[in-house]
Engineer: 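Mind having a look at this structure? Questions to follow.
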Amino acid sequence: SRGTVELSFNEYSPFGQVRVFDNDHLFINERRMCGYQSTGPDSSEAKMVEYELAAFDGTDLSILNVGFGCGITLREEMRRTSRPVDVVEINEAVLSAAEKFTPDLTQTDRVKIVQDDGLKHIRESDTIYDTILIDIEDPVVAHSSDLYTLEAFKLIHDSLSENGTFALWTFQPGDRFVDILYYTMKDAFPYVYVYADVAVASKVPFRTLEYVPTTPYEINTLDRKTLTEAYIELAGSLAPITDPALLPEKFRLEPDSAQ
């Protein structure tokens, strides 16, 4: 039988409806993103910080985090740097939820939050970072898709220090998708590594083997969104949920409770 679920937060923005269930599960447009409580330190979102900082010693690191989500990556980054972390989040409703569920991250001088488009912010900023981490919605989402392109990766490369690294969290639905992502990152960076749900590009080599693609060369650009095609082709029914009827049953609400 269907369990009881509490709608803890519900806010609309031009970048999607944000809902939080049971003070934990963050949904954007009917798709679960993460959990404020249930996404733990062993998650790929947390592990990506370990991957992106593998080339660095010490804690004097300048970090840009694009995409607030549940603050999982941000919290890990704060443990690794003595400097304030810059955060860019496009969805004001995500930041409103963050104020309610992670006030320790939003109300501290160790975090500098800007509401803006991530690619626009990188393009217009003259700050040089040691590492840039992107944890956003998938490339089928219009306001996220440009950040997965070669043009974006080149801008990111130029925004990094000489030993800089770049980490990208993404659902990996199949070989073609992962290979397109690899080829696109490789055209902007000399070294690219692929982990579970995480790709890391670096200006310096890591002590691990680089990823080896198995499909023909394809890249993702602003005018040729091959990554979006591959996501839809390979993910199939796992593509972003747009029909509330497809929401996991325990999180479905009756019409009057969604107001």
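Hydrogens, waters and symmetry mates play no part in the numbers below; they use all other heavy atoms, side chains included.
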Engineer: Before giving the answer on side chain to side chain donor-acceptor pair (under 3.5 Å), spell out for His143 and Glu137 the whole-Å C-alpha distance, their side-chain angles and the decisive distance to 0.1 Å.
Structural biologist: CA-CA 9 Å; His143 56 266; Glu137 293 184 79; 3.2 Å; yes

Engineer: Same cluster or not: Leu147 versus Phe15, using hydrophobic residues (I, L, V, M, F, W, Y) connected whenever any side-chain heavy atoms lie under 4.5 Å apart?
Structural biologist: no

Engineer: Write down the atom of Ala230, the atom of Arg176, and the distance for their closest heavy-atom approach.
Structural biologist: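 The answer is CA-NH1, 3.7 Å.
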
Engineer: Is it true that a side-chain atom of Ser159 and a backbone atom of Leu155 form a donor plus acceptor pair closer than 3.5 Å?
Structural biologist: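 The answer is yes, because a donor-acceptor pair under 3.5 Å joins these two groups.
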
Engineer: Which residue is it: Glu218, Glu151, Glu229? I am looking for the one with a salt bridge (Lys or Arg N to Asp or Glu O under 4.0 Å) to Arg224.
Structural biologist: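 Among Glu218, Glu151, Glu229, the one meeting salt bridge (Lys or Arg N to Asp or Glu O under 4.0 Å) with Arg224 is Glu229.
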
Engineer: Kindly say whether Ile180 contributes a backbone atom to a donor-acceptor pair with the side chain of Thr184 at under 3.5 angstrom?
Structural biologist: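 Such a contact is found between Thr184 side chain and Ile180 backbone.
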
Engineer: Does this structure show an ion pair linking Lys186 with Glu210, if we count only N-O contacts that are shorter than 4.0 Å?
Structural biologist: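 Answer for the salt bridge query: yes.
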
Engineer: Give the C-alpha distance, both sets of side-chain angles, the deciding distance and a yes or no for side-chain contact (heavy atoms from CB on, under 4.5 Å) between Val87 and Leu64.
Structural biologist: CA-CA 6 Å; Val87 178; Leu64 172 62; over 6 Å; no

Engineer: Which pair of non-hydrogen atoms, one from Ser8 and one from Phe101, has the smallest distance, and what is that distance?
Structural biologist: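 Looking at all heavy atoms of both residues, the closest pair is CB-CZ, 3.8 Å.
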
Engineer: If you draw a 6.0 Å radius around CD in Glu162, do more than 12 non-hydrogen atoms from other residues or ligands fall strictly inside?
Structural biologist: no

Engineer: Could you check whether any side-chain heavy atom of Arg83 comes within less than 4.5 Å of a side-chain heavy atom of Asp60, counting everything from C-beta outward?
Structural biologist: yes

Engineer: Taking C-beta and beyond as the side chain, do Phe21 and Leu7 meet within less than 4.5 Å on heavy atoms?
Structural biologist: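 Contact flag for Phe21/Leu7 side chains = yes.
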
Engineer: Do you know which two heavy atoms are closest between Gly69 and Glu89, and how far apart they sit?
Structural biologist: N-OE1, 3.9 Å

Engineer: Would the distance check show the side chain of Asp130 and the main-chain N or O of Gly164 forming a donor-acceptor pair, the cut-off being under 3.5 Å?
Structural biologist: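 Side chain of Asp130 to backbone of Gly164: no pair is present.
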
Engineer: Do Phe171 and Tyr231 pass the ring pair (Phe, Tyr, Trp, His ring centres under 6.0 Å) test, and can you show the C-alpha distance, the side-chain angles, and the key distance before you say yes or no?
Structural biologist: CA-CA 9 Å; Phe171 175 64; Tyr231 187 105; 5.8 Å; yes

Engineer: Please give me the minimum heavy-atom distance between Ser96 and Phe9, naming the atom from each residue.
Structural biologist: CB-CZ, 3.8 Å

Engineer: Is Val198 linked to Ile63 within one hydrophobic cluster, defined over Ile, Leu, Val, Met, Phe, Trp and Tyr using a side-chain heavy-atom separation of less than 4.5 Å?
Structural biologist: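 In one cluster: yes.
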
Engineer: If only atom types and distance count, is the side chain of Arg110 paired as donor or acceptor with the main-chain N or O of Met78 below 3.5 Å?
Structural biologist: yes

Engineer: May I ask you to check whether Phe206 and Tyr193 place their ring centers less than 6.0 Å from one another?
Structural biologist: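 When the ring centroids of Phe206 and Tyr193 are compared, they turn out to be within the sub-6.0 Å range.
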
Engineer: Would you mind reporting whether His25 and Val5 have side-chain heavy atoms less than 4.5 Å apart?
Structural biologist: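 Answer no - side chains too far apart.
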
Engineer: Are side-chain heavy atoms of Gln172 and Val194 found at a separation under 4.5 Å?
Structural biologist: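 SC-SC contact between Gln172 and Val194 confirmed.
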
Engineer: If we only count heavy atoms from C-beta on, is the Val192 to Tyr183 side-chain gap below 4.5 Å?
Structural biologist: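 When only atoms from C-beta onward are counted, Tyr183 and Val192 do not touch, as no gap falls below 4.5 Å.
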
Engineer: Is there a path of hydrophobic side-chain contacts, each under 4.5 Å between heavy atoms, that joins Ile72 and Val85?
Structural biologist: no

Engineer: Could you tell me the separation between the OH atom of Tyr36 and the SG atom of Cys70, rounded to the nearest 0.5 Å?
Structural biologist: 5.0 Å

Engineer: If I take atom OG1 from residue Thr59 and atom CZ from residue Phe56, how far apart are they, to the nearest 0.5 angstrom?
Structural biologist: 12.5 Å

Engineer: Do Thr131 and Thr165 pass the side chain to side chain donor-acceptor pair (under 3.5 Å) test, and can you show the C-alpha distance, the side-chain angles, and the key distance before you say yes or no?
Structural biologist: CA-CA 5 Å; Thr131 188; Thr165 62; 2.9 Å; yes

Engineer: Between the side chains of Thr149 and Asn220, is a donor N or O closer than 3.5 angstrom to an acceptor N or O?
Structural biologist: no

Engineer: Val66, Leu227: one ILVMFWY side-chain cluster at the under-4.5 Å cut-off?
Structural biologist: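 Linked, Val66 and Leu227 end up in one cluster.
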
Engineer: Before accepting this row, confirm whether a basic side-chain N of the pair Arg80/Glu77 lies closer than 4.0 Å to the acidic partner's carboxylate O.
Structural biologist: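 Salt bridge: no.
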
Engineer: Might you point out which heavy atoms bring Ala152 and Asp146 nearest each other, and give the distance in Å?
Structural biologist: CB-O, 3.3 Å

Engineer: Side-chain heavy atoms nearer than 4.5 Å, only ILVMFWY residues, links allowed to pass through others: does that put Ile128 and Phe166 together?
Structural biologist: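 Looking at the clustering, Phe166 is in a separate group from Ile128.
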
Engineer: Output, in order, the C-alpha distance, side-chain angles, deciding distance and verdict of side chain to side chain donor-acceptor pair (under 3.5 Å) for Glu99 and Thr106.
Structural biologist: CA-CA 6 Å; Glu99 287 283 354; Thr106 60; 3.3 Å; yes

Engineer: Going through the distances and angles, do Ile132 and Leu160 end up as a side-chain contact (heavy atoms from CB on, under 4.5 Å)?
Structural biologist: CA-CA 8 Å; Ile132 295 175; Leu160 290 169; 3.7 Å; yes

Engineer: Set out, in order, the CA-CA distance, both residues' side-chain angles and the distance that settles side chain to side chain donor-acceptor pair (under 3.5 Å) for Gln37 and Asn23, then state yes or no.
Structural biologist: CA-CA 8 Å; Gln37 302 170 45; Asn23 293 310; over 6 Å; no

Engineer: Can you tell me how far the CG atom of Asn65 sits from the CD atom of Glu76, to the nearest 0.5 Å?
Structural biologist: 11.5 Å

Engineer: Check for a donor-acceptor pair, side chain of Asp179 on one end and backbone N or O of Thr215 on the other, with a separation under 3.5 Å.
Structural biologist: yes

Engineer: I'd like to know if the side chain of Lys112 reaches the main chain of Val88, judged simply by a donor and an acceptor atom lying under 3.5 Å from each other, with no hydrogens or angles considered.
Structural biologist: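 No; zero donor-acceptor contacts below 3.5 Å.
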
Engineer: Would Tyr195 and Lys47 count as a side-chain contact (heavy atoms from CB on, under 4.5 Å) if you check the C-alpha gap in whole Å, the side-chain angles of each, and the deciding distance to 0.1 Å?
Structural biologist: CA-CA 9 Å; Tyr195 308 89; Lys47 287 288 187 182; over 6 Å; no

Engineer: Measuring from Lys100:NZ to Glu11:CD, what's the distance to the nearest 0.5 Å?
Structural biologist: 10.5 Å

Engineer: Are the side chains of Tyr148 and Thr228 in touch, meaning some heavy atoms are under 4.5 Å apart?
Structural biologist: no

Engineer: Please check if the side chain of Asp135 supplies one atom and the backbone of Trp169 the other of a donor-acceptor pair under 3.5 Å.
Structural biologist: no

Engineer: Any side-chain donor paired with an acceptor under 3.5 Å for Glu92 and Ser13?
Structural biologist: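 Result is no, nothing qualifies.
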
Engineer: If you take all heavy atoms of Met185 and Ala201, which pair is closest and at what distance?
Structural biologist: CE-CB, 3.7 Å

Engineer: Using modelled atom types only, decide if a donor and an acceptor are shared between the side chain of Asn91 and the backbone of Ala93 within a distance under 3.5 Å.
Structural biologist: yes

Engineer: Parallel, tilted or perpendicular, judged at 30° and 60°: which one describes the rings of His157 and Phe189?
Structural biologist: perpendicular

Engineer: Would you say Lys154 has more than 12 foreign heavy atoms packed within less than 6.0 Å of its NZ?
Structural biologist: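 For Lys154, atom NZ is not crowded (no more than 12 foreign heavy atoms under 6.0 Å).
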
Engineer: If you measure from CD1 on Ile113 to CG on Leu105, what distance do you get to the nearest 0.5 Å?
Structural biologist: 7.5 Å

Engineer: In the structure I gave you, are the side-chain heavy atoms of Val18 and Phe27 within less than 4.5 Å of one another anywhere?
Structural biologist: no

Engineer: Tell me yes or no: between the side chains of Ser145 and Lys225, is some donor less than 3.5 Å from an acceptor?
Structural biologist: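 There is such a pair between these side chains.
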
Engineer: Indicate whether the side chain of Asp187 and that of Tyr182 have a donor and an acceptor atom separated by less than 3.5 Å.
Structural biologist: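 Absent: no donor and acceptor within the cut-off.
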
Engineer: Check for a donor-acceptor pair, side chain of Thr81 on one end and backbone N or O of Leu61 on the other, with a separation under 3.5 Å.
Structural biologist: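 Yes; judged by distance alone, with no hydrogens or angles, the pair exists.
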
Engineer: Start with the C-alpha gap between Met48 and Thr73, add the side-chain angles, then the distance that decides, and say whether side-chain contact (heavy atoms from CB on, under 4.5 Å) holds.
Structural biologist: CA-CA 8 Å; Met48 72 185 297; Thr73 55; 3.7 Å; yes

Engineer: Would you say that Asn163 contacts Lys203 through its side chain, given a criterion of any heavy-atom pair below 4.5 Å between the two side chains?
Structural biologist: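 Asn163 vs Lys203: side chains apart.
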
Engineer: Any donor-acceptor pair under 3.5 Å linking the side-chain atoms of Asp223 with those of Thr221?
Structural biologist: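 A pair is found: one side chain offers a donor N or O, the other an acceptor, under 3.5 Å apart.
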
Engineer: Taking Thr226 for the side chain and Ile219 for the main chain, is one N or O donor matched with an acceptor at less than 3.5 Å?
Structural biologist: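 Checking the backbone N and O of Ile219 against the side chain of Thr226, a donor-acceptor pair under 3.5 Å is found.
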
